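To find a chain, count down the sequence lines: A is the first, B the second, and so on, and within it residues start at 1. Just so it is clear, the structure is predicted and the values come from calculations on it, not from any experiment.
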Amino acid sequence: GGAGDQGSGGSGGTGGAPPSTTGFDGTTIKLGVLSPLSGPVAVIGLPLTAGNKIWFDALNQRGGVAGKYKVELVQEDTQYRPDVTVQQYNKVKGNVVAFTQILGTAPTLAVLPQLKTDKMLAAPASLDALWVREPNLLPVGGPYQIQVINAIDYYMTEGGGTKDSKICNMIQDDVYGEAGLQGLQYAAGKYGFTIANTQRYKTGTENFTGQIQALAGAGCQMVFLTATPSDAGKIWGTAAQARFMPRWYAQSPAYAAALSKSPITPYLQQTTIIVAEGTEWGDDKVTGMKDLVARTTQFGPSQQPDYYLAFGYNQARAMTAVLEKAVELGNLSRDGIMNAMNQLGKVSFDGLTDDYQYGAAETRNPPRSSTLFSVDPTKPFGLKTVKYNISSEAARTYEFKKTS
Amino acid sequence: MTAFLQNCFAGLALGSTYALVALGFVVIFKSTGVINFAQGGLLALGAYLGYTFSNNLVLAFGIAILLACLAAALVGAGFERIVLRRMVGQPPFAVIMITIGLLFILEPVITAIWGFDNLQVRNPWNINTVEVGGLVFGVKDLWTIGLTAAVVVGFFLFFKFSPLGLAMRVTAFDPEAALAQGISAKKVYAVSWAIAAALAALAGIAMAAGPGGLSPSIGFIALAAFPAMIVGGMDSPAGAVLGGLVIGLAEALTRGYQDQLFSWAGDNVSIIVPYLLMIVILLIRPYGLLGTKDVRRV
Amino acid sequence: MAKPHRNLVRDYRQDLRLFGSPMARTGLAAMLVGLVLLPMVVQDDFWLSVLIYVGITAVGAIGLNLLTGYCGQISLGHAFFIGAGAYVTGWAGSELPLFLWLPVAALAGGLLGAVIGPFALRLRGHYLAIVTLGLVFVGEHLWRNWRSLTGGNSGTSINSQVSLGPIDFNRVELAGEVYSRNQGYFWLVWVLVAIIALLVKNLVRTRPGRALQAVRDRDQAAEVIGVQAGRYKIGAFVISSAIASVAGALFGSYQQFVSPDEWNLLMSIQYIAIVIVGGLGTVFGSILGAIFVGALPALIDRFGDAIPGVQTSVGGEGFISVFALNQAIFGVLIVLFLVLEPRGLAGIWLRIKAYFKSWPFSY
Amino acid sequence: MERLTPLLEVRDLVLRFGGVTALDGVSFDVGAGELYAIIGPNGAGKTSIFNCLNGVYKPQQGTITLDGTALTGRSPAAIASLGVARTFQNLGLFEHLSLIDNLMLGRHHLMRTGMVSGMLWWGRAKREELAHREAVESIIELLELESYRRMPAGLLPYGVAKRAELGRALAMEPTLLLLDEPVAGMNLEETEDMARYLTEVRRQLPLTMILVEHDMRLVMDLATQVLALDFGVVIASGTPAQVQDDPQVIEAYLGGAA
Amino acid sequence: MLSVSNLEVVYDDVVLVLRGLSLEVPAGSIVAVLGANGAGKTTLLRAVTGLLVPHRGKITKGTVRLDGDDITGADPAKIVRKGIAQVLEGRRVFAEITVDENLRAGAYTRRSRAEVKESYARVLDLFPVLANRRKSIAGYLSGGEQQMLAIGRALMASPRLLLLDEPSLGLAPRLVEQVRDIIVQINQQGTSVLLIEQNAVMALAIANSGYVLESGKVVKDGPAADLLADEDIREFYLGSGERRSFADIKSYRRRKRWSA
Ligand SMILES: Nc1ncnc2c1ncn2[C@@H]1O[C@H](COP(=O)(O)OP(=O)(O)OP(=O)(O)O)[C@@H](O)[C@H]1O
Ligand SMILES: Nc1ncnc2c1ncn2[C@@H]1O[C@H](COP(=O)(O)OP(=O)(O)OP(=O)(O)O)[C@@H](O)[C@H]1O
Ligand SMILES: [Mg+2]
Ligand SMILES: [Mg+2]
């Protein structure tokens, strides 16, 4: 079992119960959640937060952190706006031990200076490579760049690609898209191909004919897609109508279960591979998934299978590992948490994502593996494993740098 | 050449959607003299209603569209009845702000009912295509263009020939003088809100029937339709259509030739092309292509 | 012509005073004292940060009100100028001291306004509104692509010096006490609100300000009496953009990180909302409006949980989540408010004022 | 009254709007100190002459010279600073501004405060405000507007608003004052008041006035010279008595009653 | 046909403008209402036609009856349908549209196309100037032309009672005569007229009876002939008798008011 899954009888610290501190009254640990819970991005914020909650509900049922301390979430709505996030951060920072979720790159960066002055730890809810080297941040999962690199590796080795293949990409014009582009650029260097064409689009675009025409015109044989579901649906729909049939590889957030029960499903089955982590939804051979499904059924029966749900669940689990370390060190104060974070070793997620080597920011090593899926409407989440947990040489050697 | 024509067709389809939304703006502007910022919200509402009629109640798609338009019209008229009627004779700024307030209300209500998840609307168009001479036309796009054309003709006749059309126009110019002619401002306002909402619903469903499915951010298209309305002239239904098509074509073609012609201007120039075009056109014609000039005499 | 009586002259002097009546002077003093004391009393970082953002928006709103309320030109492009101010601070803030980067931001905003202002000459009313809306989108494109300045999509950190002589607003030391960054920024921002309010108030009660309002009410008649309408329209644009840039500069300086997504239409709309809710053509109204629009969501947020039947957390029970409800309540309040008082908060303010004192020259 | 050297010379003014010819070769001279009246049926082009004089309309042909300076081709604001003031047929007050502010706006071109000095208030702005406020007060006194000082112009009773417009024009310290139907819509009493103000102003100030008015009694009593227009063409000009008896004027304008 | 009794109107919940005003317009007659600026004449018309609402005005007391039916505070549209049309003060033509469209807007309440056509012909007949400028944008018409358009537009509703608010304002003397004749003509064609005028000479010349308002009250009323003969009215409204030249009015001002 991974961190926190020991449940009862946790090791506890040698120094006895940690003294109460901000956000910890001796029995309950309060954790902050800053997430867009209303507005257009709530479609991500809600399942993420539900994932946080399912983990902690299950943990509390088993006794709590280190078997003794219940966890309570303080949720605040950020509307995905940096200024609101700053305000909400100020609202709850005096009540919590740490933040188990801050959603969005810009909102996270907006509170980062304060996290540093306040010595606060927070788990950002995005797979940005930016986070890996930030001491005050607790990232989980393999960054987007890793997903792209592994996807390219698969395409080159088993997917029929060569370095002369026309490899293109289509990205959303924001930080998420930039991460996808970075990954592909890195891969291009490693595998010796040039990116034949890059198309950018703004989310909410209504008609993608131009982009699809351009990709088709450039003769793209493979297109790596960094998108979110409604745009991805339209993109694939347009491609299908235009009879454009490249190999599509898409980043995990591009996919939603609805796409496996839509008119474009047959097209996706023929052309598309989704790059994500872990395993198929409901795969009970993987402990992490088995637990997740069981706990979701118990604590969030109305929740649909969702990547973001799993992501939030993993975040909560990583945070639990930090908290248990802090309890072990006998200090749940902010200093104590930061100290615990620095001393934290490898945390296992039981196969939901690969193990993450935490510790001091310079020494962290995020998971380097990805899983490739194909679309299959018969599966609960509509995805079937094509290649489980691969981690390419290129991904393993990818270096994470500190942000400027 | 095929690529060019294909892009043109995409532009027309996109332009039709813009035209429908812009028409909704125009109708309300013409009769009340305000820009209705809630149009995007009504569009989303219409689309979700269409979803409910088509998916949950399993009605034929045509019927679902009709019912959704009707229901949206009721909601639009209801807004007018409950809120906007009280604002007759008040400064237009306050009224515009109220439409913004309505947008703020609509959004959470919609997500409270239908949630945030992407939904697929059951519809007969799907991603079916028709191929003519090497060009591929999406069935949905063809329908959108066709429906827009029908609506536009209806509008033209309505405004030009029906007394209510004239009544709507004069009420915007001078509500009090219109009242003195026995024109019921209440009726005029209610009807224009109903029409605008129905148009929004139609546009909404047409969009939601695509492979992208339906999500709460669907209403954003209303922003993209602003340039369409302005380019055509804010008070001209014909202008809305013309503007919609011009903007749609411009956007699609810039997008299509981004790599060849516009890479110097940064990625994704097509997004701002509608706005740039709008600025250029307004500098030449300050009241849009077909808008009415303000009449001022000293 | 008959010479007016001496006594009258003394009256004009008094008449021209901004805070002429004892009532007004007491009010002013009370406000100033409140401003100084508030951060010492309310040390809560949440309310301080809310009020700092409110102050920053109040600055921007005063600028917009000058353009929209006083000169009658609706602009939906305010977010663009705010963004520009923030980026200028990002660029100059770490090199230059506060008393330089703030004016530099204002200057940059003013220049941008001067470039865009001439559009206002050709366009009227709603047309101008939508064209300036275009500015937001064109600006966003610019911010996304001008990576060296803005950091592109990833955004940019802003590191600015905020000390004025011996006072470092990041850490104010006053009579032996040390005050936090939030307290320091509160003072900085609200002193600027007061200064800018005063400047604009002076502007609108003197020759150029009257000319702006004349142009708003009847531009042809204004021309005929010798007001160069075009010049004043552009002038209003320039000053309004300069003030917006100052607001942006403060925004960037306080938030320390900005990204292109922030300068969007929603922000422009929020400013319009403030100006309308506060009352068009009143400086004080802009401040009230900023408080209303900025602090109301925070208040609803505080007390929204108390409403029964509402889902208070993700995964909880209830029909509508408290977060969605907050948005809806905000919308409902704006609608309700304007239905009841279309002249905005300033209208209510005027009524209260009229109730408490009658103007010396009333009839 | 003897004719003085012409202050204003208008020559061959032609003004067209699309198909409509509003002015068709209008010429006339106005001597300094005169009260020159222009009469004519509705739509004859009287207001259009005013609009040409102060630059709102650009005539297609013709020249206008004020005291040796050409007005044609100048902007309204420039013409205003040359000393041409006017009142409007359909009220041109700034309705949201108080009466005082309206009058102060009349002095706009005599003041210098710019945006920056206005913002700073202390110094030029304050000095100017005080000085010009005095001038405005004397006009308020002259026109008996004391009790309306603070009222927004939009709420002024009609008769008062007309007077306020006159006040604003006077505040400009013009050499040439154009009055477009100053007593329209007024009853006898109010008309008498206005006549009194006009006479008083003429007595006190070295002004030349051009009056457009349909109230024939006022025109006949006050004017020194009358010009009659019809369809943009001058049909008669001369002393009030001459014009009143002109058969063409009676036919086109006065009708049986006069 | 129209009877107004004891009417009180308040603006903005505070400004009391009409203070118990009563007035009758017998069927087929022309009734003139005189009064200084601000006396409340326009307010009276607004109260009759239901147009107080946009001005934040309210009838707080009294009734307005048309042929015995109570129409106090009724919807303007309903009042127009019942046969009352109003020519608003200040013309208020729809500036942005053509003369033709203005006239058609006036016929909004009428259903029969044939009748509308007939009214249209009648209006153009009364105002030949308008016939020439049918396709012109109304806002560019001269003041007088606009006044004619406003009257024409009201006639398009084919009213039984026509309310005119200062129709002679800004009209050339010959046109004032014309309008006077037109009012008589309209009246002879069966429309009752309530005429508000500053031009008392013109109004009393054609009216059957008249009312004088002061501060929202009727201070004098009676048959037009009696009013014409009244000393006060002669002095204050007609200026006849030994008329002073306006040029001679130097520095005195009438201060007299009716003691009300
Ligand atoms: N801006 C304009 N556009 C089009 N036509 C105009 C414009 N201004 C004036 N006209 C036309 O020019 C003619 C003269 O108008 P003007 O206003 O000068 O008449 P006027 O003599 O002042 O009449 P009144 O006594 O009724 O005010 C009219 O036929 C009018 O319709
Ligand atoms: N909307 C309003 N709000 C407040 N007061 C008003 C309003 N409209 C009119 N009044 C006031 O009511 C009084 C009567 O106005 P009304 O317009 O009825 O007068 P009138 O007799 O028609 O005058 P005029 O001859 O100038 O047309 C005036 O004192 C006016 O200031
Ligand atoms: Mg005229
Ligand atoms: Mg009146």
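Only the backbone of C:Ala236 comes within contact range of chain D, with at least one heavy atom under 4.5 Å from a heavy atom of that chain. Of the two parts of D:Leu97, the backbone and the side chain both hold a non-hydrogen atom closer than 4.5 Å to a non-hydrogen atom of chain C. Contact annotation for D:Leu93: only backbone heavy atoms (N, CA, C, O) come within less than 4.5 Å of a heavy atom of chain C.
Taking the side chain as every heavy atom from C-beta outward, C:Glu223 and D:Val56 never approach each other to under 4.5 Å. At a threshold of 4.5 Å between non-hydrogen side-chain atoms, the residues C:Arg218 and D:Glu95 count as touching.
To the nearest 0.5 Å, atom NE2 of residue D:His96 and atom CZ of residue C:Arg216 are 6.5 Å apart. Considering CD1 of C:Ile225 and CZ of D:Phe94, their distance stands at 4.0 Å, rounded to 0.5 Å. Rounding to the nearest 0.5 Å places CZ of C:Arg205 at 4.0 Å from CH2 of D:Trp121.
Annotation: maximal heavy-atom pairing with chain C below 4.5 Å, among D:Gly154, D:Pro76, D:Ala169, D:Gly55, occurs at D:Pro76. Of the listed residues (C:Val204, C:Ile239, C:Val238), the one with the most heavy-atom contacts under 4.5 Å to chain D is C:Ile239. When C:Thr206, C:Leu212, C:Val200, C:Leu198 are compared by the number of non-hydrogen pairs under 4.5 Å with chain D, C:Thr206 comes out ahead. Your options are D:Ala85, D:Ala80, D:Ala153, D:Ala171, and the one with the most heavy-atom pairs under 4.5 Å with chain C is D:Ala80. Taking C:Arg210, C:Lys201, C:Gln213 one by one and counting their heavy-atom pairs under 4.5 Å with chain D, the maximum is reached by C:Arg210.
Contacts with chain C (heavy atom to heavy atom, under 4.5 Å) involve these residues of residues 101-119 of chain D, listed by number: D:Asp101, D:Met104, D:Leu105, D:Gly106, D:His108, D:His109, D:Met111, D:Arg112, D:Thr113, D:Gly114, D:Met115, D:Gly118, D:Met119.
Looking at D:Asn54, its side chain never comes within 3.5 Å of a backbone N or O of C:Val224 through a donor-acceptor pair.
Open room surrounds CZ on C:Arg231; 12 or fewer heavy atoms of other groups in view lie less than 6.0 Å from it.
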